[in-house]
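For reference, the structure discussed in these notes is given below.
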Amino acid sequence: MKNAIFLILMLSLLLSLFTGCGKKEPAPEVIPVEDVSPKGKLEGCPLFVKQVDGLPEDFILGMDVSSVIALEQSGVTYYNYEGQQQDLLQTLAEAGVNYIRVRVWNHPYDSEGNGYGGGNNDVEKAVEIGRRATRYGMKLLVDFHYSDFWADPGKQAAPLAWQDLSVDEKAKALKKYTRESLKTLRQAGVDVGMVQIGNETNGALCGEKLWSSISKLMQAGSEAVRAVFPDALVAVHFANPESGAYADYAGKLAGYHVDYDVFGSSYYPYWHGSLENLTRVLSGVAETYDKKVMVMETSYAFTGEDTDFSGNTISDESAVAKPYPYSQQGQVNSFRDVVAAVAAAKNGIGVCYWEGAWITVGGSSREENQKLWEKYGSGWASSCAASYDPDDAGKWYGGSAVDNQAFFDPEGHPLESLKVFNLVRWGNGGEARAESIEPMAITLTAGDDFTLPETVNAVFTDNSRVPVPVTWDVTDEALAEVLSRPGASLEITGTAADMPASLLISVEPENLLQNPGFEDGVAAPWIVEDLGGAKELKIEKKTGDSRTGDWHYHFWSEAAGTVEFTLEQQPEALQSGTYSFSIYIMGGDCGAAEVYAYAKRNGEIVSTAPMEITSWNEWHGGTVSGIEYREGDSLAVGIYVKSDAAGAWGKIDDAALYLTP
Ligand code: CA
């Protein structure tokens with residue numbers, strides 16, 4: 001009897017060991033890995049690649065392909081270099097990509113279940129992309145936005161389900177959501193190497209704007225990562241290395257004891273300052289706080305052309321920094337230089353390219369494509385996103401804004417430039433050679449002396465510039481005509497080193513305002529009239545917040561109903577005539593603000609132009625034209641701003657007053 005009881009006890013003990021008291025999860029799936037990574041230098045690439053010396057073998061050369069499933073559902077096919085249809089993830093691994101990044105939104109669907117677009121990237125999408133990445137030997141970087149749709153410096157809206165929660169409740173929900181999402185990935189056998197707590201969280205995350213709250217949320221996310229994937233790196237991610245704010249962000253995280261490993265940055269060469277600055281600010285954080293650093297997002301255009309009938313963030317017309325030509329060679333040089341800049345930073349561990357496969361869904365008109373974007377979420381936003389993001393997605397929904405920055409042609413064939421992921425470790429192409437002539441643009445004021453330039457820059461494949469003689473195809477008459485006409489522009493073509501050259505001459509009328517962009521470093525002769533008692537009304541030096549130059553006019557107020565002011569100038573010594581006045585503003589948290597540019601004659605407002613404030617870095621101009629002026633009148637031009645919202649802020653820059661010809 002004693003023995004029988006002992007036996008029963010032993011059996012039940014064994015049983016409970018096996019079942020883990022009935023709560024044990026099944027063993028994670030094991031995904032068989034096919035190592036398709038290149039075992040040496042990829043041959044046959046016609047592009048020049050300067051080797052990045054001493055790149056560690058485990059240096060992350062990643063790519064974000066979050067939109068891939070929605071694209072495939074829309075009928076997009078990807079090929080390998082042999083022209084055969086092949087899993088995109090395999091092609092990337094074969095080219096030297098060793099990490100895949102994927103964004104995760106909590107619930108990117110409206111109440112009817114329609115996707116918001118942008119890939120409709122929920123956890124299920126991350127699982128599928130993660131499984132395919134794992135299969136081809138690449139690790140996954142999970143990028144939690146903690147929002148139902150895009151989170152970036154302009155917006156950090158909480159998921160709908162969390163919008164009424166207190167910070168502590170939100171932290172709890174965030175931790176649980178992170179833990180469960182990661183467990184799902186772990187169960188599916190996905191090789192998660194890194195997890196991002198928030199996306200481009202410049203002073204905001206998940207609807208919270210105080211660093212004490214942001215830090216609490218980040219710490220909650222971090223704890224969830226540590227619990228589920230103890231070996232994975234925990235990353236934070238910010239944008240705008242040129243803003244000078246990284247030391248402050250890192251200091252805040254340290255002050256609030258956020259536990260993380262990697263300080264990540266976006267770096268888009270068009271907007272984000274120099275590579276030297278990137279290396280410097282990342283090294284600063286790495287050194288001061290003993291963190292690893294990396295670039296979470298970068299990209300560069302291989303062409304100015306759009307292929308899906310939905311405008312791109314970058315085109316030939318974009319007024320942005322253009323350190324490389326928009327060519328495959330330019331794309332290669334840009335990526336290579338970002339890799340070099342991160343490798344040169346202290347504790348620099350890698351670079352991820354953003355959405356390098358977000359190509360056109362292939363229709364021959366916008367209408368055709370629109371149907372696919374709406375149905376499968378393969379555009380950056382669908383019309384259904386209006387319920388969650390009415391001001392941006394709700395107005396501008398459409399297709400891919402980066403099809404010209406992909407590493408694939410519109411049919412899905414890999415470009416030669418994709419091989420940079422491998423060749424950056426080896427170098428390629430021998431001596432650099434001249435590839436194109438750098439387009440020139442000259443802006444001058446009517447009546448200025450002008451002679452045509454005798455040389456232009458040849459752009460070499462290593463992105464160096466060498467001046468070469470040029471001949472221009474233009475008559476003296478045509479040139480004289482355009483130079484005499486304010487507001488006119490003329491594109492001249494020419495030949496240099498047997499290559500086509502171009503010169504765009506723009507003739508601007510004289511700006512009759514003093515200190516038009518606040519670059520004098522003082523407010524005068526601008527006059528501010530504070531009608532509401534705002535907390536901050538002042539000129540400010542912050543390049544990243546200026547439309548041009550380093551300075552702008554700044555306003556901010558904590559209390560509701562305190563932002564109301566005019567900022568105006570009275571130009572002197574004007575001649576009689578018709579004038580046009582313009583000015584720019586950007587800002588946020590202003591609610592339904594009332595903003596307009598105005599002209600005042602003899603103390604009376606004679607004309608206004610309504611303006612709007614949407615979000616950070618979205619500059620809106622207002623132009624008042626047809627301002628009649630007679631000598632002896634007094635004229636003032638300016639901007640009126642009124643917002644009743646608490647925490648309203650904004651920046652004003654680049655005013656101009658022209659005599660209309
Ligand atoms: Ca496009």
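As the structure lists them, so they are numbered: ligands from 1, and atoms in each ligand from 1. Please read all numbers here as calculations on a predicted model, not as lab measurements.
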Discussion item. Between Pro108 and Asp122, is there a side-chain heavy-atom distance shorter than 4.5 Å?
Written reply: yes
Worksheet item: Are there any protein N/O/S atoms under 3.0 Å from the Ca ion (ligand 1), and if so, which?
Response: Asp306 OD1, Asp308 OD1, Ser310 O, Asn312 OD1, Ser400 O, Asp403 OD1
Worksheet item: With a 4.5 Å limit on heavy-atom distance, are the side chains of Glu374 and Asn114 in contact?
Response: no
Worksheet item: Considering residues at least two apart in sequence or located in another chain, which fulfil the side chain to side chain donor-acceptor pair (under 3.5 Å) criterion with Asn333?
Response: Gln329
Fill in: Residues forming a side chain to side chain donor-acceptor pair (under 3.5 Å) with Glu416, sequence neighbours excluded
Lys419
Item to complete: Please state whether the rings of Tyr249 and Tyr246 are parallel, tilted or perpendicular, taking 30° and 60° as the class boundaries.
Response: tilted
Practice prompt. Check ring-ring contact (aromatic ring centres under 6.0 Å, His included) between Tyr324 and all other residues, then give those that pass, not counting sequence neighbours.
Written response: Tyr300
